[in-house]
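Data first, discussion second: the structure below is written as C-alpha cells.
Since this is a predicted model, take the numbers as computed values, not measurements. Just so you know, residue 1 is the first one in the sequence shown, and it goes up from there.
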Amino acid sequence: MFKIKNKIEFDMAHYLSDYNGKCANIHGHRYKLITSICKEELCPDGHARGMVEDFSVIKNALKDIETMFDHKLLIEDNADGRRVAESLKALPNGFEIVMLPFRPTCEEMSRYIFNSLKAKGLPVSEVELFETPNNSCVYNDV
C-alpha cells in the first residue's frame, strides 16, 4: 500500500450555536489539514506513471477547500445561525459568511472535507484536521 500526504493551513472562524462554554462566542483558529491518499498500485502509465497521484491534482483540490474556508466565518444554517449571520451582514464592512447544513465542529468539518475530496475523484483514505496544535479529528472511510 502506498500513502502520500499533503498539508495546507488556513485561518477560519466559526460560531457554535447551542454551545455552553467559552467557545459559545464567535472565535477563530489556525487550521491545519493533512490529507492522505492511498493506492495499492502506482499509476502504470501516462504523466502520473510511477506515482500514487500527481501532487498538483491534490494541491488543486485542496486549494478549493482553502478558498472556501480561509478567512471566512462558518455558521450552521439554523434559526440561531441565520440570526447571527444577518446581524453581522448588517455591519458596515460585513463578513464573509459560509452557511453550512451542519454545526462547524472539527469533526463535522473533517467529514465534509473528506467527502468533498472523494467527490472530486481522489482516492482519499483519511483527512486529519487540526483545530489547534494539540487537538485534531481524523476522518476516514474504514
Side-chain angles (χ1 to χ4, degrees), residues 1-89 91 93-142:
M1 174 70 71
F2 293 93
K3 179 189 286 189
I4 59 174
K5 295 182 177 186
N6 197 297
K7 177 183 81 166
I8 61 169
E9 295 185 13
F10 54 91
D11 298 296
M12 186 190 87
H14 60 169
Y15 172 68
L16 303 174
S17 56
D18 300 320
Y19 185 82
N20 185 15
K22 189 166 76 170
C23 292
N25 289 317
I26 293 172
H27 63 285
H29 302 279
R30 175 79 178 162
Y31 288 85
K32 178 171 66 171
L33 174 66
I34 300 173
T35 304
S36 298
I37 307 290
C38 289
K39 282 187 183 174
E40 291 286 336
E41 300 294 330
L42 300 177
C43 294
D45 50 30
H47 82 278
R49 184 170 49 88
M51 301 177 184
V52 171
E53 183 67 64
D54 186 337
F55 276 115
S56 67
V57 171
I58 301 166
K59 285 184 200 178
N60 287 336
L62 293 177
K63 186 69 175 164
D64 292 343
I65 299 293
E66 181 183 2
T67 298
M68 181 176 184
F69 298 131
D70 191 41
H71 284 82
K72 307 281 179 26
L73 170 59
L74 276 63
I75 299 177
E76 182 178 8
D77 191 0
N78 60 19
D80 183 42
R82 286 189 291 278
R83 277 192 301 277
V84 170
E86 289 306 314
S87 296
L88 293 172
K89 287 178 185 175
L91 294 173
N93 292 330
F95 280 79
E96 284 198 64
I97 298 172
V98 177
M99 301 299 289
L100 297 169
F102 55 82
R103 194 179 199 199
T105 63
C106 189
E107 295 86 347
E108 291 282 12
M109 294 288 299
S110 63
R111 176 171 49 189
Y112 177 84
I113 292 167
F114 179 93
N115 289 331
S116 296
L117 295 172
K118 277 278 194 193
K120 290 179 180 286
L122 288 175
V124 60
S125 60
E126 73 178 30
V127 298
E128 183 171 13
L129 183 64
F130 286 81
E131 188 172 86
T132 70
N134 299 318
N135 298 310
S136 71
C137 177
V138 174
Y139 185 85
N140 59 51
D141 59 0
V142 176

**Message:** To check you understand the geometry: which heavy-atom pair defines the closest contact between Leu62 and Ile8, and what is its length?
**Reply:** O-CD1, 3.5 Å
**Message:** In the structure I gave you, are the side-chain heavy atoms of Phe102 and Arg111 within less than 4.5 Å of one another anywhere?
**Reply:** no
**Prompt:** Just by modelled atom types, is the Ser36 backbone N or O under 3.5 Å from a matching donor or acceptor in the Ser125 side chain?
**Reply:** yes
**Prompt:** Counting heavy atoms not belonging to Tyr139, are there more than 12 under 6.0 Å from its OH?
**Reply:** yes
**Message:** I want to check something: taking the side chain as every heavy atom from C-beta on, are Asn6 and Ile34 in contact at a cut-off of under 4.5 Å?
**Reply:** no
**Request:** Could you tell me whether the side chain of Lys39 and the main chain of Val52 form a donor-acceptor pair under 3.5 Å?
**Result:** yes
**Minimum heavy-atom distance between Val124 and Ile37, given as atom pair plus value** = CA-CD1, 3.7 Å
**Message:** Using only atom types and a distance under 3.5 Å, with no angle test, would you say the side chain of Lys59 pairs donor to acceptor with the backbone of Asp54?
**Reply:** no
**Asked** Looking only at heavy atoms, what is the nearest atom pair of Lys7 and Lys32, with distance?
**Response** CD-CD, 3.4 Å
**Item:** Separation of Ile65 CD1 from Leu129 CG (nearest 0.5 Å)
**Value:** 10.5 Å
**Fill in**
Scanning both residues in full, the closest heavy-atom pair of Thr105 with Glu108 reads OG1-N, 3.1 Å
**Request:** Check whether any side-chain heavy atom of Pro104 lies under 4.5 Å from a side-chain heavy atom of Glu76, and answer yes or no.
**Result:** yes
**Message:** Is any side-chain heavy atom of Ile58 closer than 4.5 Å to one of Ile4?
**Reply:** yes
**Request:** Look at the rings of Tyr31 and Phe10 and say which category their plane angle falls in: under 30° parallel, 30 to 60° tilted, over 60° perpendicular.
**Result:** parallel
**Asked** Could you walk me through whether Tyr15 and Asp80 pass the side-chain hydrogen bond (donor to acceptor under 3.5 Å, both in side chains) check?
**Response** CA-CA 10 Å; Tyr15 172 68; Asp80 183 42; 2.8 Å; yes
**Request:** Salt-bridge test for Asp141 and Lys118: reply yes if a basic N is under 4.0 Å from a carboxylate O, no otherwise.
**Result:** yes
**Asked** Under 4.5 Å between any side-chain heavy atoms of His29 and His14, yes or no?
**Response** yes
**Item:** Which atom of Val127 lies closest to which atom of Phe114, heavy atoms considered
**Value:** CG2-CB, 4.0 Å
**Complete:** Rounding to 0.5 Å, atoms CG (Leu117) and CD (Glu126) come to a distance of 12.5 Å
**Asn115 CG to Ser110 OG distance, which is reported to the nearest 0.5 Å** = 9.5 Å
**Asked** Does Asp77 reach the main-chain N or O of Leu100 with its side chain, forming a donor-acceptor pair under 3.5 Å?
**Response** no
**Nearest-0.5 Å distance, NE2 of residue His27 to CG of residue Leu73** = 10.5 Å
**Distance, nearest 0.5 Å, that separates CG of Leu74 from CD of Glu96** = 11.0 Å
**Message:** As an exercise, state the distance from CD1 of Ile26 to CG of Leu88, rounded to the nearest 0.5 Å.
**Reply:** 4.5 Å
**Item:** Over all atoms of both residues, closest heavy-atom pair of Met99 and Ala85
**Value:** SD-CB, 3.9 Å
